[in-house]
J.: 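Dropping the structure in here first, questions after.
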Amino acid sequence: MPLSAASDLGSNQQTSQSAAADASCMFRCIGCDATAPTAAQDFRCAHCGNLLEITSPAWTSSAVKADILKSTWRARRSSNEALDLSGVWRYRELLPNPALAQHVVTLREGNTPLYELPRCARLTGVPRLFAKHQGLNPTGSFKDTGMTVAATFARQAGCNWVACASTGNTSASMAAYAARAGMRSLVLVPEGKISWSKLSQALDYGALTCQLRTDFDGCLQLLQQLVKRAPVYQLNSINPFRLEGQKTQAIELLEQLDWQPPDHIIVPGGNLGNSSAIGKALLEMLEIGLISSLPKLSVIQAEGANALVRTVRETDGKRLITVQPETRATAIRIGNPASWEKAVKVIRATGGTCEEVSEFEIAQAKAEIGAEGIGCEPASAVTLAGLKKFVRQGFVQREERVVLILTGNLLKDPDFTMEFHKGELPSEELNTLQSASLAKLRHPPIVLDATLDAVVGTLEQAEKI
Ligand code: F0G
C-alpha cells in the first residue's frame, strides 16, 4: 500500500494523494503498535493518540546485506549525483524514498565532520573523545538532516504551506528547505526567547514569521490546533519523516568510525526528537548487522528545562512531568517534550541514561569546546558538561570511546558568546572556584588607541599569562 506523506490535509490544500513513497513503508504507533499506510495531520495514532514512527520491513529484511550496504555507501562518496552528494540520501536504503528522485529537496546536508577533542579529553580524563559537529550543516544545525526528508515528502504531496513551532533552528532549516522546494513556510516562535541569528535566517529564507507571546510549548500547542483548521503541513519533529532523516547522523558517524561502535553517544535533549532518531538508527543498524554492539545513548538537558530527567527519576519514565522551562540555552528551552516516550524507549534499549546540567556548567563547557577551535551553540555544550558529570559518577569510564553530538553552530547565538566573554554570564551566583575557572576561559575584546605602543604593550601583557 502506498505511503502518503500528507493525507487528510485541509480540503483547500493542494495535495496529490497519489504521491506515494516507498511502497514498503508504513506508519506504526509507538504506543499500541497499530500500523497504517497513511497518517493524519497531527501524526498521531487513530486508535490511542500516541505518536507514529515510520518503519519498513525492507530495511531489516534478511535480504539486506550489511557488507553490500557499506560498500554501496562508500562508493557513493565519489559520485557527483545530487542524491549521493547528500549525507542523508546517500543512505537511502534505510529511508523512505519519494516516488521520483526529482522530488528530493536537498542542500547537500549531512557530510559533517567527526573531530577529536584533545583538550576536552584531557579535561575530562576520557582520552578517546570525539565530537560529531552537526552545526556544520547548511543552515547550521542538525535539523537539516531531517528537513530534507520531510520537505521532500511535503513537496511530493503537493503542499503549498509548511509550518513549525520552533526555538529557532527548526524554523531556520524549514524556511530554507521550503524556499528550495518552492513552498511557503509559516514559523511560530516564542517572542524574545530565540536568538536573533536564527530568527534572521527564517526572515532571509522568506518565511512568514510570527513571534508569539508564549514559550515554545505554547507555540507547538497552537500549531497542533492550526493543522486541523488551516491547510498547513507540520514539519516539527512530531512529523516522523524528520526523524528518518535525522537517523543518518548516526549512520554517518558509524561509517566514519569504520563501523566500530563507540561506547557512548551523548546528545542534548529538548523536544526529544533527535535522541529518538539517533536511537532508532542504532537499533536498526544492530538488527541489520551493520554494527555488532550498541553504544549507550544518553540525553542531557539544562537543569531549568529538565522534563525528561524528572520524568525518568520521579515516574520511572511512565508519566511525563512537564516543567516551566528556563535556560539561556534557548534551543532546548522546552518544558513539554513531544517525543518523550520515544526517547525513554531508546535510552532504555541502549543502556544509556539522562542527566541535567547547570547554567554554569553549560557556559563553561561551551567555552572549553570553543577553545578547541570548534565552537558550538550553548545547547550543544550540555553534552560535554554531561560527560563530566558521568565521569564523576563513574557511569563513563576513562577507557571508553565517547562521541558528543554538537547540534548547532557557534554563530547561532553570538549574544551568549559575547556576554560570556564580557563576564555577564552565567547570571547565577558562583563560588570562588567556579568564578576562577570561568575567568581563565574568558577572552573579552580590548579597546585601545590605534598606536603601535598600545598593541605591543597588550601583547606583552598577554605573554605573561
Ligand atoms: N540542540 C539544538 C541546537 C537544537 O536546536 C535543539 C532543538 C536541540 C538540541 C534539541 O533537539 O528537540 O530533538 O531534543 N531545537 C528545536 C527547534 C526544538 O525548534 O529548533 P530535540
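Every number for a ligand or one of its atoms is a count from 1 in the order of the listing.
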J.: Using the salt bridge (Lys or Arg N to Asp or Glu O under 4.0 Å) definition, which of the options E359, E424, E419 pairs with R328?
T.: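 Per the salt bridge (Lys or Arg N to Asp or Glu O under 4.0 Å) rule, the option paired with R328 is E419, out of E359, E424, E419.
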J.: Distance to 0.1 Å, residue and atom name: give those for the protein heavy atom nearest to atom 4 (C) of ligand 1.
T.: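 Its nearest protein heavy-atom neighbour is A331 CB, 3.5 Å.
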J.: Are any of the heavy atoms in I334 under 4.0 Å away from ligand 1?
T.: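 In this structure, I334 qualifies as a contact of ligand 1 - some heavy atom is under 4.0 Å.
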J.: Hey, could you give me each pair passing salt bridge (Lys or Arg N to Asp or Glu O under 4.0 Å) that has a residue in residues 271-282? Not counting sequence neighbours.
T.: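 Counting only pairs at least two positions apart or across chains, the salt bridge (Lys or Arg N to Asp or Glu O under 4.0 Å) contacts touching residues 271-282 are E244-K280, K280-E284.
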J.: Does a donor on one side chain sit under 3.5 Å from an acceptor on the other, for S56 and S24?
T.: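 Yes, because at least one side-chain N or O of S56 sits under 3.5 Å from a partner of the opposite role on S24.
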J.: Going by the atom numbers of ligand 1, which of them fall below 4.0 Å from some non-hydrogen atom of K143?
T.: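 Every atom of ligand 1 under 4.0 Å from some heavy atom of K143: 5 (O), 6 (C), 7 (C), 15 (N), 16 (C), 17 (C), 18 (C), 20 (O).
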J.: Which protein heavy atom lies closest to atom 11 (O) of ligand 1, and at what distance to 0.1 Å?
T.: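 I find the closest protein heavy atom is F142 CZ, 3.5 Å.
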J.: What residue and heavy atom of the protein are closest to atom 2 (C) of ligand 1, and at what distance?
T.: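 Residue, atom and distance for the closest contact: T407 OG1, 3.4 Å.
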J.: What part of K412, side chain, backbone, both or neither, has a heavy atom within less than 4.0 angstrom of ligand 1?
T.: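 Contact part for K412 vs ligand 1: neither.
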J.: Enumerate, atom names and distances included, each donor-acceptor pair closer than 3.5 Å involving a side-chain atom of residues 201-214, sequence neighbours excluded.
T.:
{"unit_1": "Q201", "atom_1": "OE1", "unit_2": "K412", "atom_2": "NZ", "d": "2.6"}
{"unit_1": "Q201", "atom_1": "NE2", "unit_2": "T139", "atom_2": "O", "d": "3.0"}
{"unit_1": "T209", "atom_1": "OG1", "unit_2": "A207", "atom_2": "O", "d": "3.4"}

J.: Whether R442 engages the ring of F420 as a cation-pi pair (distance to the six-membered ring centre under 6.0 angstrom, angle to the ring normal within 45°) should be assessed.
T.: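 Flagged: R442 positioned over aromatic ring of F420.
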J.: So if I apply the side chain to side chain donor-acceptor pair (under 3.5 Å) rule between E377 and each of T417, T330, T407, N169, which one comes out positive?
T.: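 The residue from T417, T330, T407, N169 that satisfies side chain to side chain donor-acceptor pair (under 3.5 Å) with E377 turns out to be N169.
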J.: Test E368 against every option in K440, K388, R119 by the salt bridge (Lys or Arg N to Asp or Glu O under 4.0 Å) rule and name the one that passes.
T.: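 Only one option passes, and that is K388.
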J.: Go through the steps for H103 and F153 under the test ring-ring contact (aromatic ring centres under 6.0 Å, His included), then give the verdict.
T.: CA-CA 8 Å; H103 286 137; F153 281 89; 8.9 Å; no
J.: State the atoms of ligand 1, each with its element, that fall below the 4.0 Å cut-off from a heavy-atom position in N271.
T.: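 So the atoms of ligand 1 that pass are 12 (O), 14 (O), 21 (P).
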J.: Report the nearest protein non-hydrogen atom to atom 13 (O) of ligand 1: residue, atom name, distance rounded to 0.1 Å.
T.: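 Atom 13 (O) of ligand 1 sits closest to the protein heavy atom N274 N, 2.8 Å.
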J.: Give a yes/no verdict on whether any heavy atom in G269 is under 4.0 Å from an atom of ligand 1.
T.: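 Yes, G269 has a heavy atom closer than 4.0 Å to ligand 1.
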J.: Find all atoms of ligand 1 within a distance of less than 4.0 Å from any non-hydrogen atom belonging to G273, and give their numbers and elements.
T.: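 Counting from 1, the qualifying ligand atoms are 13 (O), 14 (O), 21 (P).
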J.: What atoms in ligand 1 come closer than 4.0 Å to a heavy atom of S166?
T.: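 Answer for ligand 1: 17 (C), 19 (O), 20 (O).
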J.: Is it true that the NZ or CZ of K389 lies under 6.0 Å from the centre of F395's six-membered ring and within 45 degrees of the ring axis?
T.: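 No, cation not above the ring by the 6.0 Å, 45° rule.
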J.: Give the atom numbers and elements of ligand 1 that come within less than 4.0 Å of a heavy atom of T170.
T.: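 So the answer, numbered in order with elements, is 16 (C), 17 (C), 19 (O), 20 (O).
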J.: Could you tell me whether E377 approaches ligand 1 through its side chain, its backbone, both or neither, with non-hydrogen atoms closer than 4.0 Å?
T.: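 Near ligand 1, E377 shows its side chain, while the N, CA, C and O stay back.
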J.: Which ligand 1 atoms are under 4.0 Å away from a heavy-atom of L272?
T.: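 Ligand 1 atoms under the 4.0 Å threshold to L272: 12 (O), 13 (O), 14 (O), 21 (P).
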J.: Could you name the option among L243, N169, I332 that has the heavy atom nearest to atom 3 (C) of ligand 1?
T.: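 Result: the heavy atom closest to atom 3 (C) of ligand 1 is in N169.
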J.: Could you check whether Y91 and W73 have their ring centres less than 6.0 Å apart?
T.: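 That pair passes the under 6.0 Å test.
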